[in-house]
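Before any comments, here is the structure.
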Amino acid sequence: MHSYGYRANAVLTFSLTLLAVMCAMASLSDNRNSPSPSAHVQLRSLILNVTSFHRLSLYVVSMAMNISADLQSLFTWNTKQVFVFLAAEYRTPKHSLNQISLWDGIIPSKEHAKFWIHTSNKYRFIDQGSNLRGKEFNLTMHWHVMPKTGKMFADKIVMPGYRLPEEYR
Ligand SMILES: *[C@@H]1O[C@H](CO)[C@@H](O)[C@H](O)[C@H]1NC(C)=O
Ligand SMILES: *[C@@H]1O[C@H](CO)[C@@H](O)[C@H](O)[C@H]1NC(C)=O
Ligand SMILES: *[C@@H]1O[C@H](CO)[C@@H](O)[C@H](O)[C@H]1NC(C)=O
């Protein structure tokens with residue numbers, strides 16, 4: 001009885017060690033392949049609306065866009081899911097990075113990783129105080145890969161060179 005229990009324990013320890021080694025190898029081999037995702041955003045409309053609120057200028061940006069992306073290369077057997085979001089990023093005198101999420105989604109599998117979506121900004125692109133007329137901004141596609149084992153990793157694609165209108169309504 002005693003030795004049987006001991007053996008079972010030893011076997012369990014061994015398999016746990018093996019599992020740990022396999023997981024380590026999995027995340028190692030996963031880090032080696034370098035994914036090459038692509039993203040493209042076509043702006044369909046971009047409207048800047050300025051209103052006054054307690055003597056502050058409130059800038060509200062409405063945009064309609066067609067987001068297309070191919071994130072299939074982020075998926076390996078070790079990928080659980082991918083969280084993705086598109087952000088408008090711009091500089092103001094106060095902050096070197098202002099980031100506004102325009103759209104986000106969770107991609108559950110490789111079959112869903114190549115897509116396009118025609119959407120308007122889900123979260124309002126709003127700024128108070130700093131002047132956003134003619135402001136340059138980048139559209140950045142960020143992703144977080146949640147693996148089955150190992151560490152989560154994140155990366156992004158920057159699409160620079162967008163500009164808010166000079167005119168507002
Ligand atoms: C701009 O914002 C004001 C206040 O929210 C609103 O009344 C007006 O209709 C908006 N104009 C446009 C073109 O969206
Ligand atoms: C969005 O872009 C994709 C890829 O560029 C294209 O195939 C699709 O037709 C576009 N959809 C709309 C509504 O423009
Ligand atoms: C926008 O992208 C360009 C080119 O990648 C970069 O130099 C710049 O710092 C970015 N701007 C912001 C506000 O992140």
Side-chain angles (χ1 to χ4, degrees), residues 27-28 30-147 150-169:
S27 27
L28 217 70
D30 221 35
N31 286 346
R32 263 194 226 125
N33 73 358
S34 48
S36 52
S38 63
H40 178 76
V41 178
Q42 184 191 4
L43 280 187
R44 311 301 293 270
S45 76
L46 182 59
I47 296 165
L48 181 64
N49 192 355
V50 185
T51 54
S52 206
F53 180 77
H54 288 259
R55 297 173 64 204
L56 266 180
S57 297
L58 212 59
Y59 292 81
V60 181
V61 180
S62 314
M63 48 173 97
M65 60 213 151
N66 182 7
I67 306 166
S68 53
D70 183 352
L71 307 179
Q72 284 182 316
S73 61
L74 294 176
F75 282 82
T76 66
W77 63 272
N78 192 31
T79 307
K80 194 167 160 208
Q81 60 183 23
V82 174
F83 172 69
V84 56
F85 71 96
L86 181 75
E89 296 178 349
Y90 60 96
R91 240 182 280 282
T92 56
K94 261 195 198 155
H95 304 282
S96 60
L97 177 64
N98 299 270
Q99 189 185 62
I100 289 163
S101 181
L102 303 173
W103 171 85
D104 60 48
I106 288 173
I107 301 165
S109 67
K110 191 171 185 169
E111 292 76 63
H112 295 93
K114 191 175 176 180
F115 62 90
W116 64 264
I117 176 169
H118 192 205
T119 182
S120 50
N121 46 330
K122 176 173 160 188
Y123 307 101
R124 292 225 287 178
F125 184 161
I126 228 169
D127 198 287
Q128 47 170 244
S130 42
N131 192 338
L132 294 188
R133 290 174 63 182
K135 178 63 90 188
E136 270 186 42
F137 66 99
N138 292 344
L139 287 176
T140 307
M141 175 85 88
H142 294 261
W143 60 85
H144 294 255
V145 177
M146 289 158 212
K151 265 194 255 158
M152 189 180 89
F153 73 94
D155 207 347
K156 63 186 179 183
I157 292 178
V158 180
M159 293 160 270
Y162 292 91
R163 188 184 284 276
L164 288 178
E166 291 284 351
E167 319 242 296
Y168 55 85
R169 303 194 233 166

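Start at 1 and go down the list; that is how both ligands and their atoms are numbered.
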Which of the atoms of ligand 3 are close to Tyr90, meaning less than 4.0 Å from one of its heavy atoms?
13 (C)

Of the listed options (Asp70, Thr119, Ile117, Asn66), which comes nearest to atom 1 (C) of ligand 2 when hydrogens are ignored and any heavy atom counts?
Asn66

Is any side-chain heavy atom of Leu102 closer than 4.5 Å to a side-chain heavy atom of Leu139?
yes

Within the structure provided, determine whether Tyr162 and Leu46 are in side-chain contact (heavy-atom separation under 4.5 Å).
no

Side chains of Ser109 and His112 only: does a donor on one sit below 3.5 Å from an acceptor on the other?
yes

Does some non-hydrogen atom of Arg44 fall short of 4.0 Å from ligand 2?
yes

Where the side chain of Lys135 meets the backbone of Arg91, is there a donor-acceptor pair that is under 3.5 Å apart?
yes

Has Asp70 got a side-chain atom pairing as donor or acceptor with Gln72's backbone, closer than 3.5 angstrom?
yes

Which residue and non-hydrogen atom of the protein lie closest to atom 2 (O) of ligand 3, and at what distance in Å?
Asn138 ND2, 2.3 Å

Return the option from Arg91, Glu136, His95 holding the heavy atom at the smallest distance from atom 9 (O) of ligand 3.
Arg91

Report the nearest protein non-hydrogen atom to atom 5 (O) of ligand 3: residue, atom name, distance rounded to 0.1 Å.
Val158 CG1, 4.0 Å

Got the closest protein heavy atom to atom 13 (C) of ligand 2, with its distance?
Trp116 CZ3, 3.6 Å

Scan the protein's non-hydrogen atoms and note whether one is under 4.0 Å from atom 7 (O) of ligand 3.
no

Mind checking whether Gln42 has an N or O less than 3.5 Å away from an N or O of ligand 2?
no

Residue, atom name and distance, where the atom is the protein heavy atom closest to atom 4 (C) of ligand 3
Pro160 CB, 4.1 Å

Check the orientation of Phe85 and His142. Use parallel for under 30°, tilted for 30 to 60°, and perpendicular for over 60°.
parallel

Could you tell me if the side chain of Met65 sits less than 4.5 Å from the side chain of Thr119, heavy atoms only?
yes

